[in-house]
Amino acid sequence: MLSLIVCIKQVPDTQKAVFDPTTGAIDRRGTENIMNPDDLHALEMALCIKDRYGARVTAITMGPPQADDVLSEAYALGADECVLVSDPRFAGSDSLVTTRVLSRAILRLGAFDLVITGCEAIDGNTAHVGYQLSEFLSMPLITQIHEFMIDGNHAIIERLYGHEYQKIRVRLPLLLSMGKNSNRVRIPRLVDIKECVEKPISLMTLNDIGGEAGEYGAAGSPTVVIKTEIFTHTRGRAVLEG
Ligand code: FAD
C-alpha cells in the first residue's frame, strides 16, 4: 500500500490577526489558529490518492503542543495517523531548522512514497520548507500539479507550466508541493469531527529524531529577524495650482 506523508502547519488566522504595534509581531494570544490553507490542499491531494489507489496517510506537524488541533482536523478529514513533533528546544527555529526537524522526523516514520506539502505558510511566507525538504530527503519536488496518476513505481503528472501543460513521468518517492488552486478541499462529516478528538496523536521529541540540541531552535538557525515593522498607508489631499 502507498505511504503518504503530509506536512501541515498550524498558523494564526492572518485575516483576523491582531498585531502588536510596538514589535510589529502577531499577538498570538489574541489570534485564532487554523490549519495553513495550502496544507488543506496538500491533505486533499493525499486523500484523493488514497481514495483512488489505496494508501496510508500520515499527517505530521512541528509546533507547540496546541498544534495538535490541526492534527485532529486532519483525522476528521481522513488521515490515518498523526504525528506531533514538539520539543521546547525547537523554539526559535528558522525555516532551515524547521526543515531539519521535519526531515529527520519523516525518516523515522519508515519508508514512504510521497511527501506532500503546501507551497507557502501564511504566517512565515518563505515557501522554503518544501524545496528544502526535497534537498534534505534527496528526492525530486514537483509543483503546479494539475493531474496526478500512479503507474507502478512511477507517478505520471500533468503540470501547469506557464501557458502550457507539461506531462512528466517521475520515479517514486517524490515530494509534491500544493497551492490553493490545486483542488477543492472536502468538508469533514459531523461524525468524523466528533470522533477525531479521541484518536491518538504520536509525539516525537528531540530525543526521538536524534541530533544535538545546538542544531535546533535559535541556536541552530542561521536566520535572525532584525526588525519587524507594520507598514501603513495614509491618504492625503493635495490641491495643485495652475
Ligand atoms: P513555508 O516554507 O512557507 O511553508 C511551506 C510548507 O511547508 C507549508 O505549507 C507546510 O506544508 C510545510 N511546513 C512549514 N512549516 C511547517 C511545520 N512547522 N510543520 C509542518 N509542516 C510545515 N516559528 C514558530 O512557530 N516558533 C518560533 O519560535 C519561531 N522562531 C523563529 C525564529 C527565526 C529567527 C525565524 C526566521 C523564524 C522563526 N519561526 C518560528 C518561524 C518558522 O521558522 C517558520 O514558520 C517555519 O520555518 C516555516 O517557514 P514558513 O512559515 O515560511 O513556511
Side-chain angles (χ1 to χ4, degrees), residues 1-10 35-62 67-68 70-85 99 102-119 129-130 133-134 136-159 167-189 191-193 195-204 209:
M1 190 189 287
L2 292 166
S3 171
L4 317 180
I5 295 174
V6 188
C7 297
I8 59 178
K9 183 182 181 190
Q10 187 182 56
M35 191 187 301
N36 181 50
D38 277 5
D39 304 352
L40 280 167
H41 295 279
L43 185 57
E44 178 62 34
M45 180 64 167
L47 296 172
C48 289
I49 295 170
K50 177 182 168 179
D51 291 344
R52 190 160 174 192
Y53 300 99
R56 182 165 179 79
V57 176
T58 304
I60 183 168
T61 192
M62 167 191 159
D68 64 3
V70 289
L71 295 173
S72 295
E73 191 179 341
Y75 266 137
L77 285 159
D80 300 294
E81 187 189 353
C82 288
V83 181
L84 172 67
V85 191
T99 311
L102 285 172
S103 61
R104 288 180 179 175
I106 288 169
L107 290 172
R108 293 287 182 284
L109 294 175
F112 54 84
D113 299 289
L114 290 171
V115 175
I116 311 177
T117 71
C119 283
V129 172
L133 266 179
S134 86
F136 278 52
L137 298 171
S138 305
M139 57 190 201
L141 164 68
I142 313 289
T143 58
Q144 293 166 283
I145 296 152
H146 176 66
E147 281 286 334
F148 181 91
M149 282 159 287
I150 298 277
D151 178 21
N153 57 359
H154 286 76
I156 312 285
I157 299 173
E158 267 181 40
R159 56 191 298 268
K167 193 168 185 177
I168 51 175
R169 188 167 185 269
V170 55
R171 184 182 278 276
L172 302 173
L174 78 136
L175 199 142
L176 309 179
S177 170
M178 309 300 294
K180 46 191 133 310
N181 298 324
S182 324
N183 50 33
R184 200 161 158 200
V185 173
R186 67 193 64 192
I187 296 169
R189 298 181 310 162
V191 61
D192 295 325
I193 295 172
E195 285 174 4
C196 70
V197 284
E198 312 276 312
K199 297 200 171 166
I201 291 172
S202 314
L203 175 67
M204 276 192 189
I209 66 169

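Looking at every heavy atom in both residues, T61 comes nearest to Q10 through OG1-N, 4.2 Å. Between L77 and L47, the shortest heavy-atom contact is O-CD1, 3.3 Å.
Side-chain contact between D38 and M178 is absent, with no heavy-atom pair separated by less than 4.5 Å. Looking only at side-chain heavy atoms (C-beta outward), D39 and V6 stay at 4.5 Å or farther from each other. Contact annotation: the side chain of L114 approaches that of L174 to within less than 4.5 Å [non-hydrogen atoms, C-beta and beyond]. At least one side-chain heavy atom of R52 sits under 4.5 Å from a side-chain heavy atom of M149. Counting heavy atoms from C-beta on, the side chains of L176 and I157 come closer than 4.5 Å. Side-chain contact between I106 and C7 is present, with heavy atoms from C-beta onward closer than 4.5 Å. When side chains are defined from C-beta on, P173 counts as touching M139, because their heavy atoms get closer than 4.5 Å.
Under a 4.0 Å N-O distance rule, the pair R186/D51 qualifies as a salt bridge.
Checked by atom type and distance alone, the side chain of Y53 never pairs as donor or acceptor with a backbone atom of L2 at under 3.5 Å.
For the atom pair CD1 (I145) and OG (S177), the distance works out to 7.5 Å, reported to the nearest 0.5 Å.
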